[in-house]
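To keep things clear, I will list the structure first and then write my remarks on it.
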There are 2 protein chains.
Amino acid sequence: MVSDALTPERILEATEDVLRRYGPAKATVVDVARVLGVSHGSVYRHFRTKAALREAVTQRWLNRTSEKLASIAEDSGSAEERLGRWLTGLFEAKRHKAGDDPELFATYSVLTGDTNTVVDRHIDDLTGQLARIIEDGRTQGVFSSDSLGSPAETAAAVFSATARFHDPAYAAEWSKPGAEQDFAAVRALIVRGLRA
Amino acid sequence: MVSDALTPERILEATEDVLRRYGPAKATVVDVARVLGVSHGSVYRHFRTKAALREAVTQRWLNRTSEKLASIAEDSGSAEERLGRWLTGLFEAKRHKAGDDPELFATYSVLTGDTNTVVDRHIDDLTGQLARIIEDGRTQGVFSSDSLGSPAETAAAVFSATARFHDPAYAAEWSKPGAEQDFAAVRALIVRGLRA
DNA sequence: CGGATGACAGATATTGAAATCTGTCATCCG
DNA sequence: CGGATGACAGATTTCAATATCTGTCATCCG
């Protein structure tokens, strides 16, 4: 027994350990139970299915990124500067996750492919933050209010246009030389497109 | 025997037939030879390896798209209008390929994952066309010449920013309701970003 | 009594032997 | 003589038997 009570949080911790060690294909519920020193039946008391467990651990992982960015979205100050910082922050966060522990990143990339609802919520969260920055920018008069739809629609467009720099499908390209310049070029193009 | 001389072109035709029928995983060189009524040794006289045959058939398929767009890139006339038409043409071409024959599209999506050189050439070709339009726009004075790098760099940024609408990885989303509006929003944002 | 257990059935994954495919080349044919 | 052939070796894939895993639940324990 590693500790006292068997909580969802402890199970998620153990699940991430097991995923890191064995990868998404080999990690089993029995492995998670073994790490915790309990039977696998006990894990099923807290998560109805293996899929539910994977969703929960994936959500936890995605939330670590969105929480970091939330503070930028909620800042006061120049919307244009915050937008640049937010987009750069998103790219940097993903790039570091991918570069620092490639195997765990690959593992979560597989998981996000299965857990569509969780990923959709994450994307809604991020585009919501973007929409807030865009709305602030329109209020401040630095971003155009004509011709580009609602803040939410514009946020979705900005998110789409930067997909190459946050979608795990492109992770292999983030460490190539020139990736940073490519990102800066797209960011400049987008910011220019938003200006009043 | 289907016809007289065994030419590379006839082999590619047969290869596409076989790929359409069996998919990328099951299609064999022996199958291609059978369709042509020759031994598989004869196919190897024209293509050194199976990989080379796949590259050639993939290039042929990609070229059908770039050739359509080349005429827009080489038009004379308003660069802004041509850019919109070119981007829309690219999205439409990919969307129709994916929608009209989903299995063949899936097949070629797998092939493009293996044949990186061919895909890189295709992308160079497309960004070259884009660069030409952007250069024309700068000459005409409708696109800004400051702050966004060379036409080639700007073309790469525009291509990156529209990845969601031409990269096969996103094909599943092209038929969703709202995809067209999403594309229009990104296109408007980009065109706005390029304006003088 | 609330929570943990482990035996179990059906689903999924692994494994290794057999079948098929790729790529070569000595031989053949017009 | 130029081009096609098919037998062949080594690489890859298929398939079926075997092993492991998921999810349930009657039972047990503090």
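What you are looking at is a predicted structure, and each value in this text was computed from that prediction instead of being measured. So you know, we letter chains A, B, ... as the sequences are listed, proteins then strands, and number each from 1.
Between the CG atom of B:L36 and the P atom of D:dT5 there is a distance of 11 Å, given to the nearest Å. As rounded to whole Å, 10 Å separates atom P of D:dA4 from atom CZ of B:R10.
The residues B:R82 and B:D136 are annotated as salt-bridged, a charged nitrogen and a carboxylate oxygen being separated by less than 4.0 angstrom. Salt bridge annotation for A:E135-A:R132: absent, with no cationic side-chain nitrogen under 4.0 angstrom from a carboxylate oxygen. The pair A:E13-A:R60 meets the salt-bridge criterion, with a side-chain N (NZ, NE, NH1 or NH2) lying under 4.0 Å from an Asp/Glu carboxylate O. Here B:D167 does not pair with A:R164 in a salt bridge; the nearest charged N to carboxylate O distance is not below 4.0 Å.
Ring orientation note: the planes of B:F165 and B:F183 are nearly perpendicular, at an angle over 60° on the 30°/60° scale.
Helical stems in DNA chain C, defined as runs of 3 or more consecutive Watson-Crick or G-U wobble pairs with both donor-acceptor distances under 3.5 Å, are listed by first residue as C:1-30 with D:1-30.
No more than 12 heavy atoms of other residues, nucleotides or ligands sit less than 6.0 Å from atom CZ of B:R48.
Between B:S39 and the phosphate of D:dA4, there is no side-chain N or O to OP1/OP2 separation shorter than 4.0 Å.
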Across nucleotides 20-27 of chain C, 5' to 3', mark each nucleotide with B, S or - according to how protein heavy atoms within less than 4.0 Å reach it.
-SBBB---
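The salt bridge (Lys or Arg N to Asp or Glu O under 4.0 Å) analysis of residues 98-123 of chain B, with sequence neighbours excluded, yields the pairs B:R20-B:D101.
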Could you give me the CA-CA distance, side-chain angles and deciding distance for B:R138 and B:T154, then say whether side-chain hydrogen bond (donor to acceptor under 3.5 Å, both in side chains) is met?
CA-CA 11 Å; B:R138 292 189 179 181; B:T154 308; 3.0 Å; yes
